[in-house]
Novice: 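Structure below; questions to follow.
Each residue takes its place number in the sequence, starting with 1. Atoms considered below: every heavy atom in the structure, side chains included; atoms not considered: hydrogens, waters and symmetry mates.
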Amino acid sequence: MEFTFETDYTQKAITAMVKGLRKTLRKKKSARSKIVGWVLVALVVVLTLPAPGEAFTVEGRTILNIAVGIVLVAVLLFEDPINAFVARKRMMSQGRHSSTTFHKDSYTSVTELGKSDFYYGNIRALAETSGYFVLVYDANHGQVYDKSTLSGGTLKEFRAFISQRTNKEITYIK
């Protein structure tokens with residue numbers, strides 16, 4: 001049995017991939033970063049508030065504190081889309097569409113840049129979102145596959161196939 005996906009590496013697809021990386025191999029580091037980030041936001045709020053008995057004044061330092069706080073909150077809330085935007089900008093345009101066929105022992109991805117063969121043993125984690133499957137190689141590298149373009153079998157059959165080939169369970173991500 002062979003499965004084929006046609007995937008466009010859009011902002012949405014890359015966001016799913018980044019989220020898959022963050023929720024699997026980067027899970028602990030991401031949690032620590034979130035804690036540090038929210039502690040910094042709390043520190044910014046404390047440093048912005050006036051001392052007891054003093055009036056709130058808007059001055060350069062206050063404006064800077066508020067700006068830093070807004071940037072920190074934005075990064076914490078929109079981490080995945082921001083990382084996906086940066087990753088997509090770094091991608092060569094010829095690699096933004098892939099046709100990938102999963103075979104018994106390996107899978108082949110074809111883009112305008114060329115043809116590449118990959119082996120299941122190199123996959124360290126599997127993730128699935130509502131629209132994509134994510135294959136994770138390391139904390140900074142993964143591949144994403146658009147579930148709506150699957151041919152050669154059903155989603156259920158592909159889940160069983162990829163789990164068996166990699167000896168990994170799929171992490172489901174909301």
Side-chain angles (χ1 to χ4, degrees), residues 5-98 100 109 111-113 116 118 122-149 155 159 162 166 168-174:
F5 291 90
E6 297 289 330
T7 304
D8 289 315
Y9 277 74
T10 61
Q11 177 71 22
K12 182 179 177 183
I14 297 175
T15 300
M17 183 177 65
V18 167
K19 193 172 191 177
L21 290 167
R22 183 174 58 82
K23 295 279 189 165
T24 57
L25 296 187
R26 292 183 182 172
K27 195 171 188 168
K28 287 181 183 178
K29 183 179 178 186
S30 178
R32 281 180 269 173
S33 296
K34 290 265 188 197
I35 291 168
V36 169
W38 287 112
V39 167
L40 288 173
V41 168
L43 184 61
V44 166
V45 170
V46 168
L47 292 174
T48 304
L49 294 174
E54 289 185 21
F56 183 79
T57 59
V58 178
E59 55 190 24
R61 184 182 66 125
T62 307
I63 293 169
L64 181 63
N65 284 349
I66 292 170
V68 168
I70 290 170
V71 169
L72 281 170
V73 170
V75 168
L76 288 166
L77 295 177
F78 302 105
E79 173 185 8
D80 294 331
I82 291 168
N83 284 337
F85 177 80
V86 171
R88 190 160 188 270
K89 289 294 181 190
R90 294 178 62 192
M91 275 184 93
M92 296 179 77
S93 62
Q94 300 92 333
R96 290 189 180 169
H97 176 83
S98 73
T100 305
S109 183
T111 68
E112 286 183 43
L113 295 170
S116 300
F118 298 93
N122 296 329
I123 298 170
R124 294 191 44 210
L126 301 171
E128 181 179 352
T129 70
S130 62
Y132 299 93
F133 288 106
V134 180
L135 280 54
V136 179
Y137 289 96
D138 60 39
N140 298 312
H141 298 93
Q143 295 173 334
V144 63
Y145 299 98
D146 186 345
K147 290 164 56 173
S148 70
T149 67
L155 294 174
R159 283 183 198 103
I162 198 69
T166 61
K168 309 272 185 241
E169 290 192 28
I170 298 173
T171 300
Y172 296 94
I173 300 168
K174 291 183 182 182

Novice: Who are the side chain to side chain contact (heavy atoms under 4.5 Å, CB included) partners of I14, not counting sequence neighbours?
Specialist: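 Result, side chain to side chain contact (heavy atoms under 4.5 Å, CB included) vs I14: Y9, M17, V18, A84, A87, R88, M91.
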Novice: Which heavy atom of S148 sits nearest to which heavy atom of D146, and what is that distance?
Specialist: OG-OD1, 2.8 Å
Novice: Which pair of non-hydrogen atoms, one from G142 and one from L21, has the smallest distance, and what is that distance?
Specialist: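 So the two residues come closest at N-CD2, 4.3 Å.
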Novice: With a 6.0 Å cut-off (strictly less than), is the heavy-atom count around CZ of F78, excluding the residue itself, greater than 12?
Specialist: no
Novice: Can you measure from OG1 (T15) to OH (Y132) and round to the nearest 0.5 angstrom?
Specialist: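 Here the rounded value is 9.0 Å.
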Novice: Write out all pairs satisfying salt bridge (charged side-chain N to carboxylate O under 4.0 Å, His left out) with one or both partners inside residues 7-16, taking only residues at least two apart or from two chains.
Specialist: none
Novice: Only counting residues at least two apart or in another chain, list the ones meeting side chain to side chain contact (heavy atoms under 4.5 Å, CB included) with L72.
Specialist: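 L72: side chain to side chain contact (heavy atoms under 4.5 Å, CB included) contacts with L40, V41, V44, V68.
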Novice: Before giving the answer on side-chain contact (heavy atoms from CB on, under 4.5 Å), spell out for V73 and W38 the whole-Å C-alpha distance, their side-chain angles and the decisive distance to 0.1 Å.
Specialist: CA-CA 8 Å; V73 170; W38 287 112; 4.2 Å; yes
Novice: Not counting sequence neighbours, which residues clear ring pair (Phe, Tyr, Trp, His ring centres under 6.0 Å) with F118? List them please.
Specialist: Y107
Novice: Who passes side chain to side chain contact (heavy atoms under 4.5 Å, CB included) against V75, sequence neighbours left out?
Specialist: V71, I82
Novice: List the atom of S109, the atom of T100, and the distance in Å for their closest heavy-atom pair.
Specialist: OG-OG1, 3.3 Å
Novice: Verify, without hydrogens or angle tests, whether K168 (side chain) and I162 (backbone) share a donor-acceptor contact under 3.5 angstrom.
Specialist: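 Not at all, since once roles are kept as given, no pair shorter than 3.5 Å links the two residues.
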Novice: State, yes or no, whether a side-chain contact exists between V58 and I63 at a heavy-atom distance under 4.5 Å.
Specialist: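 Yes. Closest side-chain heavy atoms under 4.5 Å.
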Novice: Going by salt bridge (charged side-chain N to carboxylate O under 4.0 Å, His left out), name the pairs with one or both residues in residues 28-37, residues two or more places apart or in two chains.
Specialist: K34-E79
Novice: With salt bridge (charged side-chain N to carboxylate O under 4.0 Å, His left out) as the rule and sequence neighbours excluded, what pairs involving residues 49-64 come up?
Specialist: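 Qualifying pairs, neighbours excluded: E59-R61.
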Novice: I need the R159 CZ to E169 CD distance, nearest 0.5 Å.
Specialist: 13.5 Å
Novice: Apply side chain to side chain donor-acceptor pair (under 3.5 Å) to S130 and list each qualifying residue two or more places apart in sequence or on a separate chain.
Specialist: none
Novice: By side chain to side chain donor-acceptor pair (under 3.5 Å), which residues pair with R22, not counting sequence neighbours?
Specialist: D80
Novice: Give a yes or no on this: more than 12 heavy atoms of other residues, nucleotides or ligands lie within 6.0 Å of atom NE2 of H97.
Specialist: yes
Novice: How would you list, by chain and number, every residue that makes a salt bridge (charged side-chain N to carboxylate O under 4.0 Å, His left out) with K147, sequence neighbours excluded?
Specialist: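 Partners of K147 under the salt bridge (charged side-chain N to carboxylate O under 4.0 Å, His left out) test: E128.
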Novice: Between S33 and L76, which heavy-atom pair has the shortest distance, and what is it?
Specialist: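 In this case the closest contact between S33 and L76 is O-CD2, 4.5 Å.
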Novice: Look up atom CG in L47 and atom CD1 in I66, then write down how far apart they are to the nearest 0.5 Å.
Specialist: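 L47 CG to I66 CD1: 12.0 Å, rounded to 0.5 Å.
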Novice: Looking at every heavy atom in both G20 and A127, which two are closest together, and how far apart are they?
Specialist: CA-CB, 4.1 Å
Novice: Run the side-chain contact (heavy atoms from CB on, under 4.5 Å) test on L135 and L126 for me, step by step, so that the C-alpha distance in whole Å, both residues' side-chain angles and the decisive distance to 0.1 Å come before the verdict.
Specialist: CA-CA 5 Å; L135 280 54; L126 301 171; 4.0 Å; yes
Novice: Sequence neighbours excluded, which residues qualify as side chain to side chain donor-acceptor pair (under 3.5 Å) partners of Y145?
Specialist: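 Checked Y145 against side chain to side chain donor-acceptor pair (under 3.5 Å); matches are Q143.
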Novice: To the nearest 0.5 Å, what is the distance between CG on D138 and CD1 on I123?
Specialist: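 Answer rounded to 0.5 Å: 12.5 Å.
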Novice: Could I get the full list of side chain to side chain donor-acceptor pair (under 3.5 Å) partners for N83, not counting sequence neighbours?
Specialist: none
Novice: Can you give me the closest heavy-atom contact between T48 and F56, atom names plus distance?
Specialist: O-CE1, 3.6 Å
